[in-house]
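As the structure lists them, so they are numbered: ligands from 1, and atoms in each ligand from 1.
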Amino acid sequence: MNYQNILITQEGAIATITINRPAKLNALNKATIEELHQAFKFADEDKSIRVIILTGSETKAFVAGADISEFADFDSKKGGELAQKGQDILFDFVENLSKPVIAAINGFALGGGLELAMSAHFRAASINAKMGLPEVSLGVIPGYGGTQRLPKLIGKGKAMEMIMTAGMLTAEEALNYKLVNYVVEQEELLPFCAKLAAKITNNSSTAIASAIKAVNAGFNNEVNGFETEIQEFGNCFGTADFKEGTTAFLEKRKPNF
Ligand code: COA
């Protein structure tokens, strides 16, 4: 597919998806959301890709939010539809992808930008990154899962404060609240995430896909996470990776997944 708003590169088994609207601080307009959906779908289906890094172009922004110019004249119905579609095709889609997604937060991650980073499986930030959910300053609330994922990641009280004040966390503050796992220098961010991704690629993709399902199940009120874990644990025993992993261990060699 020919993308206008994103770039995709691949090195070995690691794909990097870069949101590329720097003049608008990589704000998520409808077209970008659609392209991201297609890119994640493609990456999930492409067997040569095992880990995905998501970042923003240039050094100022990861994503400065949903594109405000696109929804400023929406009514309640259109607003609801915007949130529903975005959650379905991008935010929930990324969270439930079978391959690990690492958000490399290289600058402002505001509103939909922070919501997108929170949909990734984990996050690293550059020292200049700023994170917040400023929606109430616009008379609206986070609509791409922010009211749900932020309290789960940092606790209800701090999430309430961030949402109500519309304030921004520095990268160091975000690290203290466990919103991001690491903070590194700007130029180190992508190499650092690539190293993390490379570690992941040594492991079984099928087991990782099962782990994503089991962990996510624990945050889904409609299913029992322990039951999902049992199911996925059992499923692993039927995979070629399980045979290879256990055989390699017993033969005292590295597995070849
Ligand atoms: N939607 C649409 N356009 C956006 C945007 C967004 N969420 N965030 C930034 N932009 C655009 C600006 O309109 C500006 O475009 P222009 O040059 O055509 O006027 C361009 O990106 C640069 O942004 P600017 O505001 O001039 O940069 P800044 O350094 O002064 O401020 C921010 C940076 C991030 C503080 C500021 O852009 C901002 O507050 N953005 C909106 C954040 C937000 O509320 N997000 C939640 C949306 S629900």
TODO: Classify the ring geometry between Y182 and F192 as parallel (under 30°), tilted (30 to 60°) or perpendicular (over 60°).
DONE: perpendicular
Task: Flag if over 12 foreign heavy atoms under 6.0 Å of CD, E11 - done: no
Task: Between Q84 and D88: side-chain donor-acceptor atoms closer than 3.5 Å - done: yes
- [ ] Under the side chain to side chain donor-acceptor pair (under 3.5 Å) rule, what do E185 and S126 come out as? Steps first, then yes or no, please.
- [x] CA-CA 5 Å; E185 294 297 327; S126 56; over 6 Å; no
Would you tabulate the polar-atom pairs, meaning N/O of ligand 1 against N/O of the protein, with distances under 3.5 Å, reported to 0.1 Å?
from: ligand 1; atom 1: 1 (N); to: A66; atom 2: O; distance (Å): 3.4
from: ligand 1; atom 1: 1 (N); to: I68; atom 2: N; distance (Å): 3.0
from: ligand 1; atom 1: 7 (N); to: A64; atom 2: O; distance (Å): 3.0
from: ligand 1; atom 1: 7 (N); to: A66; atom 2: O; distance (Å): 2.9
from: ligand 1; atom 1: 15 (O); to: K24; atom 2: NZ; distance (Å): 3.4
from: ligand 1; atom 1: 18 (O); to: K24; atom 2: NZ; distance (Å): 2.5
from: ligand 1; atom 1: 21 (O); to: A23; atom 2: O; distance (Å): 3.4
from: ligand 1; atom 1: 29 (O); to: K60; atom 2: NZ; distance (Å): 2.5
from: ligand 1; atom 1: 45 (N); to: A64; atom 2: O; distance (Å): 3.1

Open item on the list: Can you confirm whether more than 12 heavy atoms, excluding those of F233, are under 6.0 Å from its CZ atom?
Closed with: no
Task: Listed once per pair and sorted, the salt bridge (charged side-chain N to carboxylate O under 4.0 Å, His left out) pairs that draw on residues 52-68, sequence neighbours left out - done: R21-D67
